[in-house]
Structures are given as C-alpha cells and as structure tokens.
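Working notes, structure below.
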Amino acid sequence: MHSLSSVSIFGFFANWSPFYIVTLLFVTAVYFLSVTKWRHEIPGNRPLKRREVILFIISMILIYIVKGSPIDLLSHIIFSFHMLQMAVLYLMIVPMLFFAVPSYLIDYIVSRPYIKPVFDVVSRPVFAIIVFNGLFSIYHLPVVLDFLKQSATLHSLFTVLLSVAAFNMWYPVFNRTELPRKQLTGLMKLVYIFMIGVLLTPSCGLIIFSQHPMYRTYTDPKAWLGAMALCVPQGTLDSVMSATNISGPQYFTNMSSLEDQQTGGVIMKVLQEVFFGFMLFYVFFNWRWSEGRNEEETTQRSLEARQREQAYFNQFR
C-alpha cells in the first residue's frame, strides 16, 4: 500500500487538468464581461458588488479543486473522494453561485424565450426536488455508476445533468429574482431543505449499511482501469500499468473496499448535515428579519393613515 500522494505517478495532466483550468478561466472571463462591459444591455442591471466578486472567485477555485485537482483523480480511485466531490459540488458550490451571480443576470438567462417555458416547469419546487434526488439515487445504483464510469462522454453528460438539476432544486430557496413568480415563504423553505435531506438519506443509508462492496469500479481491476481512462491519458495509463504492480485502488489506501464505501456514505451524510445547518440558519434568520421588517412597515403605514385621518377631521374643528 502506498500513500494518496502516489497518484503523482499518473502525471501532471491527469492530476491538474490544465484544460479544465482553461475552461474555468473562460467562464470567469465571460462572467466579468457580462456583469461589467455587457451589463448595460441587460434589463435591471446594476454595478457588481465586491461580495459577488469574492464569492464567484471562491466558487471557481472550489470547482477546480473538486473537479480539476488530484481530488478528481482520486474520486475515480477511492469512493470516499467521489462522495466528497458530490457533496461539495452539489450541496455547497451550486447554492453559493446564487450569491455570486447577480440576480438580474440569472433573471435574464432564465427568461429567454427558448429557456423560460422549460425552466418554469423544472424549477417548480416539487418537480425540482424529485428530479435531483431521483437522478442522484439512480446515479448511485451500482449498475448505473459502473456503466457511466466506463464512458467519458456519458459520465460528463450525466455530471452536467446533475449540475443543472441541482441548480433547479436550489433555485426556489436562494433565488433573488425580480421576475413575477410565486416564491416560497420562509417556513416553506425550511421544510423544503429538510425534505432534500430526507430524500438523500436512502442512498446514503444503502451505501453506509451495505454488508458488501457495491461498485465494480472500485473493486474489479478491469472496471477500475476503465474508470481511470476517464481522467488519465491512455498512453500514460499504459506506461504506469506496465511499470508498476498496481492492480486497483488498494495500492493507494489501506482501507478495504467496504470500509471505503461506508466512509464515503458517512462523508456525504455528515457534509450534508453541516451544509444544511448553515442553510437553515440563513433561511430562518432572513425569514425572521423579513417578518420584522414587514411588521414595521405595516405599523408605519397604519400610523400614517391615522395621522391623515386626524388631519382631515382637524380641518372641521
């Protein structure tokens, strides 16, 4: 057994994904052009806030860490890293983007004529929560995960699909839209977040309490090699395999396949609870603040109405 740092034998491209860096730099450039130079062409535009800049940069760094750094390579070797990647990407980074991207830009995108009819359906709370959790559960069925891990194209497409589904799921909670659409109340948002956690539990429970390894990708040498081809150039992979005695994930960890699988389920569940704890606090705090503000506004309007009535009757005295 070697240490996790042994993944360096797969080379720079497999570990640090320079093409992924270029992609994220392109996305970052488009973002800053959209919210600065091009923003005047978008209805409801406003200057970019410093907080949004910081959060967007942090989001891009986190995306690179989980999808472009050695963590991504390790997610194809060790199941625990796969679940870490899933939790951070879909339960942390996607919600963060709602605070990093100005609401007017999101409104502009989702209100395009070719997007709006579909988005109005897929962002409905009940539909969105069922679709994401359904896709997440399907993805972690052994037959599905093992199949997707053998095809770079299919795996990438399913990752994009899960990301879009995650955005749609979190939209009812964190959107700051100015569009005329029905919004969840503070209490409904709290229940909504709680239900997301409930629907994620069966998949995590199945993974944690299984009495045997479920995924060939992390146990069968042939399936594991096929998964490694998703992120390691074939020439590099062939050279490494011919020069070493690597036969599977056990070369990089002292955990058994079952321990690795159970650890991955625990990581997903623990991180979910941590992230959701922050979300529940944020939603509850904003709900109470909004309720207090509304009460103050109602009191002020009542006082002004009373003053107008008093002024009206005073003129007849």
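Only this structure's heavy atoms are used, side chains among them; waters, hydrogens and symmetry mates stay out.
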Query raised in the report: Counting distance only, does the side-chain N/O of Asp260 pair as donor-acceptor with the main-chain N or O of Phe79 below 3.5 Å?
Result: yes
Side-chain donor-acceptor pairs under 3.5 Å in residues 143-154, sequence neighbours left out?
from   : atom 1 : to     : atom 2 : distance (Å)
Asp146 : OD1    : Arg216 : N      : 3.3
Asp146 : OD1    : Thr217 : N      : 3.0
Asp146 : OD1    : Thr217 : OG1    : 2.8
Asp146 : OD2    : Arg216 : N      : 3.1
Lys149 : NZ     : His76  : ND1    : 3.2
Gln150 : NE2    : Ala223 : O      : 2.9
Ser151 : OG     : Leu154 : N      : 3.2

Query raised in the report: Do Met169 and Val131 have side-chain heavy atoms sitting under 4.5 Å apart?
Result: no
**Report entry** Worked check of side-chain contact (heavy atoms from CB on, under 4.5 Å) between Leu199 and Ile129
**Finding:** CA-CA 9 Å; Leu199 292 175; Ile129 196 174; 3.9 Å; yes
Report task. Just jot down the side-chain contact (heavy atoms from CB on, under 4.5 Å) partners of Thr236, sequence neighbours excluded, or say none. Result -> Val232, Pro233, Val240
**Report entry** Leu230 with Val66, same ILVMFWY side-chain cluster at under 4.5 Å
**Finding:** no
Report task. Using ring-ring contact (aromatic ring centres under 6.0 Å, His included) as the criterion, list what pairs up with Phe276, not counting sequence neighbours. Result -> Trp170
Report task. Could you tell me whether Phe158 and His155 have their ring centroids closer than 6.0 angstrom? Result -> no
Query raised in the report: Angle class for the Phe281/Phe285 ring planes (parallel below 30°, perpendicular above 60°, tilted otherwise)?
Result: parallel
**Report entry** Pairwise side-chain contact, Trp224 with Pro249, heavy-atom cut-off 4.5 Å (strictly under)
**Finding:** yes
Report summary line: Contacts of Ser17 meeting side-chain contact (heavy atoms from CB on, under 4.5 Å) (sequence neighbours excluded), chain-then-number -> Tyr20
Query raised in the report: With a 4.5 Å heavy-atom cut-off, do Met86 and Leu162 have their side chains touching?
Result: yes
Query raised in the report: Roughly how far, to the nearest 0.5 Å, is the OG atom of Ser257 from the CG atom of Asp220?
Result: 10.5 Å
**Report entry** Hphob cluster co-occupancy, Phe26 + Phe19, side-chain heavy atoms under 4.5 angstrom
**Finding:** no
**Report entry** Residues forming a ring-ring contact (aromatic ring centres under 6.0 Å, His included) with Tyr64, sequence neighbours excluded
**Finding:** none
Residues 54-61 side chain polar contacts: donor-acceptor under 3.5 Å, at least two apart:
from  : atom 1 : to    : atom 2 : distance (Å)
Ser59 : OG     : Leu55 : O      : 2.7

Query raised in the report: Under the side-chain hydrogen bond (donor to acceptor under 3.5 Å, both in side chains) rule, what pairs show up with a residue in residues 42-53, not counting sequence neighbours?
Result: Arg39-Asn45, Arg46-Glu52
Report task. List for me each residue that meets ring-ring contact (aromatic ring centres under 6.0 Å, His included) alongside Tyr282, sequence neighbours excluded, and say none if there are none. Result -> Phe99
Requested in this report: Go through the steps to decide whether Phe119 and Asn168 satisfy the test side-chain contact (heavy atoms from CB on, under 4.5 Å), and finish with yes or no.
Outcome: CA-CA 8 Å; Phe119 186 75; Asn168 295 336; 3.5 Å; yes
Report summary line: One should read off an interatomic distance between Cys204 SG and His140 NE2, to the nearest 0.5 angstrom, of 8.5 Å
Query raised in the report: Does Tyr171 use its side chain to pair, donor to acceptor, with the backbone of Phe98 at less than 3.5 Å?
Result: no
Query raised in the report: Got Leu280 and Phe194 here, is their nearest side-chain heavy-atom distance under 4.5 Å?
Result: no
Query raised in the report: Taking the side chain as C-beta and beyond, is there a heavy-atom pair between Val53 and Phe32 under 4.5 Å?
Result: yes
Query raised in the report: Is any side-chain heavy atom of Leu206 less than 4.5 Å from a side-chain heavy atom of Met214?
Result: yes
**Report entry** Aromatic ring proximity, centroids under 6.0 angstrom, Phe136 and Tyr90
**Finding:** no
Query raised in the report: So Trp287 and Phe284, would you call those rings parallel, tilted or perpendicular, with 30° and 60° as cut-offs?
Result: perpendicular
Report task. List for me each residue that meets side-chain contact (heavy atoms from CB on, under 4.5 Å) alongside Ser137, sequence neighbours excluded, and say none if there are none. Result -> Ser203
Query raised in the report: Which pairs pass ring-ring contact (aromatic ring centres under 6.0 Å, His included) with one or both residues in residues 226-248, sequence neighbours excluded?
Result: none
Distance-only donor-acceptor pairs under 3.5 Å for side chains of residues 100-109, two or more places apart:
from   : atom 1 : to     : atom 2 : distance (Å)
Asp107 : OD1    : Thr177 : OG1    : 2.7
Asp107 : OD2    : Thr177 : OG1    : 3.3
Asp107 : OD2    : Glu178 : N      : 3.0

**Report entry** Validation row: Leu271, Met83 side chains within 4.5 angstrom (heavy atoms)
**Finding:** no
Query raised in the report: Are Leu62 and Phe167 linked, directly or through other ILVMFWY residues, by side chains that come within less than 4.5 angstrom of each other?
Result: yes
Query - Same cluster (ILVMFWY, side-chain, under 4.5 Å), Ile65 and Ile78 - result: yes
Report task. Before giving the answer on side-chain contact (heavy atoms from CB on, under 4.5 Å), spell out for Phe174 and Met279 the whole-Å C-alpha distance, their side-chain angles and the decisive distance to 0.1 Å. Result -> CA-CA 9 Å; Phe174 296 115; Met279 292 178 190; 3.7 Å; yes
Query - Partner set under side-chain contact (heavy atoms from CB on, under 4.5 Å) for Asp120, not counting sequence neighbours - result: Lys116, Arg181
Report task. Could you state whether Ile193 and Leu89 fall into the same hydrophobic cluster, counting links through intermediate Ile, Leu, Val, Met, Phe, Trp or Tyr residues with side-chain heavy atoms under 4.5 angstrom apart? Result -> yes
